Structures are given as C-alpha cells and as structure tokens.
Amino acid sequence: MAHINDHYQKLQAGYLFPEIGRRVRIFEAANADAHVIKLGIGDITLPLVPAVVEAMHAAVDDMGREAYGYGPDNGYAFLTEAIRDNDYRARGVDIDLDEIFLSDGSKQDSGNIQEIFGTDCTLSVTDPSYPVYVDTNVMAGRTGEADTEGYYGGIVYLPATEANGFTPGPPEGRVDLAYLCSPNNPTGAVASRENLQQWVDWARANEAVILFDAAYDAFIQDDSLPHSIYEIEGAKECAIEMRSFSKRAGFTGTRCAYMVVPKAATGKNARGESVSLNTLWGRRHSTKFNGVPYVIQRAAAAAFSEQGATQTAEQVSYYMENARRIREGLSTAGFTVYAGEHAPYIWMKTPQALSSWEFFDQLLEKAKVVGTPGSGFGPSGEGFFRISAFNSHENVDEAIERIRKGFAT
Ligand SMILES: *Cc1c(COP(=O)(O)O)cnc(C)c1O
C-alpha cells in the first residue's frame, strides 16, 4: 500500500488562481462580448527584449556547432560573474561565485530551501504572503492543521497592516526560519534599511535564518532603499537571498533565477555544532538539479549587457508607469490605496467594508476588471485587494475609468 504524504491533506483547497480563473470563465461565458481586463495574476505582459532574443538565437547556434552537455552545477561563470558584478559589487556587496546557485525559478528555490532545515524548525511569515512559503512547509510537515480563519498551527504569522506600513518587524517568540519578501508580493510594500537591520539583528541574536525573496528588487525606484539584504550589516551570517529574472527581464516563461547562500551562514546539527548552509544547499542542489539550459543562461547574461540592461529597465519603467496611473487614478476616485511606488502591485482597501471576494465579484460584475483578493494570500489580507501593473497602458487606463464609473458614489 502506497501511503501518501498525509500533510498534503492539510493544504487548503481551491488554490487562489484556479478559483479566480473559474469565476472569470463563468462570467465570460455569461457575457460573451465583454472585454474583461485582467489585473490579477502577477505575470509579465511585454515580450523578451531584443538583446535577450539575440543572445538566445546566438546560443542556439552555439549548440548546433558543438556539444553543450551538463553545465557547471552552479551555473556558467559568464552568468554568475555578471550577477556578482551587477547585482552585488555595484551596490558595494561582495559575494563569491560559489555562493551563487543558479536555478530555474524562485518559486522552486523559495519552496525547496526548507528541505535543508529540520522538520522541528519553527517558522514565521509576514501575513499576507506569497503562498509558496506556507504551503511547502505544510507539505513538509512543519505545521498543524489550518483553523477556520486559515491560520496553520505552528506558523507565526506577522500581520502586515496599515499601522506598521505593511512591513512588520521580527517576532517576539522563538522562530528559526523567517520568510521575508521585499518589495513585497502581494502588498507592494518595500522594507526600509531600518526594518531590515532590525530583522538581521534579531536573527543573529536568536540564531535564526532569514529567507529573503527579492524577486522584485528591480522595481525599487529609490536608490537609497536596500535592494539586497546583504546591504545590511551582519546579514551574511544569517540570510539566504533569492532573486529571479522573471519580473525584471520578463523571464516568467523562460525560467532563470538564483539563490545566494553565503558561506558564513550556519545552522546547528543535533550535537549543537555549526554546519555551513552553503555546503548543505550545494549538496541538495547537485543531487536534485542538473542546471539551467545553456541558451537560457546566455539569455539571462544578456539582460546585464549595456543594451539588455537599458531595454529591461525600460520595461520595468513601463510597468511602473502603470502602477502610478492605478495608484493615482484609484486614489482620485476615492479608494484607499497603498504601495505601487517600488513594486508592480497596488494594495487597496476594499470599499464599503466588503470582503476581498465580495469586492472581486463586484469588480468583475460592475467594471469587468479582474484583480486578486487579498485574503488569498493569508488571513490578514482580508479586506484588501491586489491590483497588478502588468498590462498595457491602454488597458490600465480603461480599467481605471470603468472602476470609477462602476463604483461612483
Ligand atoms: C514572481 C515571484 C517569484 C518568481 O518566481 P519564478 O519562479 O522565478 O518565476 C518569486 N517570489 C515572488 C514573491 C514572486 O511574486
């Protein structure tokens, strides 16, 4: 008898995006000529930039000329050196090449990293948060059952609220693994240097590890804000960082990301001895992963070339112009809106104290606009709604206009 992993049965049914898709399909079936504008899922809408496409074509030709078999475990040096120089050295941070682990996505990385930690580790998430952090720990058996509000036993939820600017500080009780995401999906909030310093000081004092998801760092508009947690004093001892080419260079369908595991970061074994997390993750990575395709690594490296950097920055600006229009448009229309200044997401309060899903249905009905219910990202997201800036200027303008009309008071 193949006994299943019972922890999977604790996962809450109706994952957010399938449920959104279901409701939209029902609406579209009943309103055949409606042009529904989708500001829901966090996916890019612009094509790959020319510099990246050229590099991919050239890399395909390389592979037709000679054999490119398995690449180096951690990625080709032409890419990891570009990462080290552009993402870190340029911001005054020294990262060694063997601290960078190339992968095919931050979803995988943020879901897999928990494997190198004991199942008895306690964890915290900011609430709401990217669902992968919670669900992968549920699957691994690190939690109890979910209660009626959606809180899993054994997870410390740190509410991200208007009062704390949606950037909660560290927990009071014992936590071993703390997930942080800045700029944040879904709230769009960005952590200040002071907030991150509090976290790092806490982690060092408590021998905890911070799992820092920086998938949206390229959207930070104020250069004085930290792009990497390693810009914070002491972070190399206690933090693992994840970055992705998905949002910054339009790679959601192309797949390339990386994780930095500093050699100074450690955990404890059963005898209480310090063990290098870099060694553990290297062992895990080389056992379960055979590398990012050569063509994709060439494409990712092209995002750092002079032209590639300019072209991808233009795409980020395009999305951030959408974010500005949404923020200003909705705020002028009387909605309470947050964020969208350093992230492609606007976090809005639902009007008239509607629940997140009630507002979802009304928005679809009255404005034919799709967004994402905040409650889908965690209990503290209830009463909030995420609007994504990934769309065209035209669709964004049209959506704002329809929302204004549909919800005129
Ligand atoms: C989009 C996103 C990622 C990136 O995932 P990939 O697997 O690299 O495409 C990671 N974390 C968050 C919070 C995201 O929104």
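Values in this document were obtained by computation on a predicted structure and should not be read as measured data. We count ligands from 1, going down the list as the structure has it; atoms in each ligand are counted the same way. Because only heavy atoms are used, hydrogens play no part in the values below, and waters and symmetry mates are left out as well, while side chains stay in. This chain uses plain numbering: 1 for the first residue, then up along the sequence.
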With ring centroids as reference points, do Phe359 and Phe407 lie under 6.0 angstrom apart?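 Between Phe359 and Phe407, the centre distance is under 6.0 Å.
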
Could you say whether the N/O atoms of [X] and ligand 1 ever approach to under 3.5 Å?
| X | result |
| --- | --- |
| Ser244 | yes |
| Tyr216 | yes |
| Asn185 | yes |

Ligand 1 contact by Asp213, heavy-atom criterion under 4.0 angstrom: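 In this structure, Asp213 qualifies as a contact of ligand 1 - some heavy atom is under 4.0 Å.
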
Should the pair Arg23 and Phe27 be classed as cation-pi, given the thresholds of under 6.0 Å to the six-membered ring centre and 45° from the axis?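 No, Arg23 and Phe27 do not form such a contact.
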
Geometric cation-pi criterion Arg284 and Phe117, 6.0 Å radius, 45° cone: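 No, Arg284 does not sit over the ring of Phe117.
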
Have a look at Lys247, Lys107, Arg248 and point out the one with the heavy atom closest to atom 1 (C) of ligand 1.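 It is Lys247 that holds the nearest heavy atom.
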
Heavy-atom distance to atom 6 (P) of ligand 1: which of Met242, Gln108, Arg255, Arg243 wins?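 When every heavy atom of Met242, Gln108, Arg255, Arg243 is considered, Arg255 comes closest to atom 6 (P) of ligand 1.
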
Heavy atoms of other groups near [X] [atom1], more than 12 under 6.0 Å:
| X | atom1 | answer |
| --- | --- | --- |
| Gln307 | CD | no |
| Glu365 | CD | no |
| Glu321 | CD | yes |

Examine the proximity of ligand 1 to Ser246 and report which part, side chain or backbone, both or neither, has a heavy atom under 4.0 Å away.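 Contact part for Ser246 vs ligand 1: side chain (C-beta onward).
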
